[in-house]
Amino acid sequence: MRSVISILDLSVEELDELIATANDIIADPEKYAHICQGKKLATMFFEPSTRTRLSFEAAMYELGGNVLTMADAQSSSAAKGESVADTVKTISCYADIIAMRHPKEGAPYVASLNASVPVINAGDGGHNHPTQTLADLLTIQREKGRLGELTVGFCGDLKFGRTVHSLIQALSRYQNVKFVLISPVELKLPSYVKKDIIQANRLQYVQTTDLEKVMPDLDILYMTRVQRERFFNEEDYLRLKDSYILTVDKLKNAKPDLAIMHPLPRVNEISVAVDKDPRACYFKQVLNGKYMRMALILKLLGVKP
Ligand code: CP
């Protein structure tokens, strides 16, 4: 029984295998349509979600399985004070696999220690979001044809942006990936990613506050939302929320094959006019997330076509 709490729980070979499975599902969905018959996925979401929860659920349905949903903490006995440990011990009696999102960093890890079925971290606070990274990796592979030899710009809230932390952890294991870290000083990448991943592995990186200056260098631009829910005071959020707004004009010096990515939801950090640009990949990421979650469910349940 195996859980996925961090993207580093999966080896590079396993990431390649998940990408290959996802591409096979895209090519031949009928082969997978009944493969999880009789299996149940429980989605336990203690924090709002559109894409992650619904794509996990769509993934299980498209594999022929069933879904038990806990869409928010208020609809469960967590609202009466039940612990994460007791909740997952209970859900392990009903489901074969659990996808869990929680506002507290480490909660899915605690869940994995107490569950008797695999637990997938569907986002824990400002920490990690490994299945968004799976969506991102498939998108990069399909758009660029490779996961190495890339200059990747991360822009916006790099401090609390869990999708950024997980994607940097993943890309750090591929050859010649250069990171360009674009953020206000207050929202710089935390040291457990910068020191423990980028510097510890002697990877190339630059830090800047100026998106337009570095735009011509980028193969990938990964925009992120400044997240109101992570701030302790509204004043700081209001001061920082519009730090970066990507417009059509700001892309004029970008590479013709730039991939513009965003985990979504967006507020205003990418102008809607950019959606028409063929380099915009964020809705492809949404769809790719479903296929990679299908591949991950199969792997953790040990189900093969
Ligand atoms: N990307 C992502 O995690 O989106 P949701 O919050 O809608 O699940």
Side-chain angles (χ1 to χ4, degrees), residues 4-7 18 22 41-62 67 69-75 97-108 111 119-140 142-143 152 154-171 220-231 237 241 246 259-270 272 274-275 280-297:
V4 171
I5 304 303
S6 157
I7 196 69
L18 291 173
L41 163 78
T43 49
M44 296 172 61
F45 277 61
F46 295 88
E47 207 184 51
S49 168
T50 296
R51 277 147 291 273
T52 310
R53 185 169 68 83
L54 295 182
S55 68
F56 262 116
E57 296 182 0
M60 196 50 158
Y61 284 125
E62 289 186 29
V67 173
T69 301
M70 208 187 85
D72 65 81
Q74 291 311 309
S75 65
I97 187 165
I98 295 170
M100 180 187 188
R101 171 172 290 187
H102 203 285
K104 286 202 180 133
E105 286 84 356
V119 174
I120 302 170
N121 179 3
D124 60 329
H127 191 215
N128 281 170
H129 194 346
T131 64
Q132 178 63 48
T133 298
L134 295 180
D136 299 340
L137 292 177
L138 180 61
T139 306
I140 295 170
R142 287 177 74 88
E143 294 303 309
V152 186
F154 290 93
C155 180
D157 177 3
L158 309 192
K159 181 177 180 183
F160 300 113
R162 59 194 176 194
T163 61
V164 171
H165 306 161
S166 291
L167 185 54
I168 288 176
Q169 287 175 331
L171 289 175
I220 293 169
L221 172 58
Y222 196 95
M223 293 295 294
T224 62
R225 173 176 66 100
V226 175
Q227 304 170 82
R228 176 179 239 141
E229 66 271 30
R230 306 279 177 235
F231 280 80
Y237 168 71
K241 72 183 178 65
L246 185 66
I260 306 165
M261 299 177 66
H262 190 308
L264 304 179
R266 108 180 109 182
V267 181
N268 64 344
E269 59 279 4
I270 300 181
V272 173
V274 174
D275 298 3
C281 295
Y282 24 96
F283 289 104
K284 292 180 185 172
Q285 285 169 263
V286 172
L287 184 57
N288 288 335
K290 182 184 71 175
Y291 296 124
M292 285 301 266
R293 290 177 178 114
M294 290 170 83
L296 184 62
I297 289 168

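Each ligand, and each atom within it, is numbered from 1 in the order the structure gives.
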*Give yes if a backbone or side-chain nitrogen or oxygen of P265 is under 3.5 Å from a nitrogen or oxygen of ligand 1, and no if not.*
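So ligand 1 has no N or O lying under 3.5 Å from an N or O of P265.
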*Heavy-atom contact under 4.0 Å between H129 and ligand 1?*
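Yes.
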*Report yes or no: does Q285 have a heavy atom closer than 4.0 Å to ligand 1?*
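Q285: no contact with ligand 1 (<4.0 Å).
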Within-4.5 Å side-chain heavy-atom neighbours: [X] and [Y]:
X	Y	value
T52	F45	yes
Q169	S6	yes
E47	D124	no

_Only heavy atoms of L264, strictly under 4.0 Å: list the atoms of ligand 1 that pass._
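In order of number, 1 (N), 2 (C), 4 (O).
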Provide, to 0.1 Å, the distance between [atom] and the closest protein heavy atom, together with that atom's residue and name.
atom	answer
atom 7 (O) of ligand 1	T50 N, 2.8 Å
atom 4 (O) of ligand 1	R51 NE, 3.1 Å
atom 6 (O) of ligand 1	R101 NH1, 2.9 Å

_Assess, by modelled atom type and distance only, whether the side chains of H129 and R101 contain a donor and an acceptor separated by less than 3.5 Å._
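Per modelled atom types, H129 and R101 side chains form a pair under 3.5 Å.
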*Does the side chain of T43 come under 3.5 Å of the side chain of R53 through a donor N or O and an acceptor N or O?*
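Distance-only check fails for T43 and R53.
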*Check: N128 main-chain N/O paired with H165 side-chain donor or acceptor under 3.5 Å*: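 No: the side chain of H165 does not pair with the backbone of N128.
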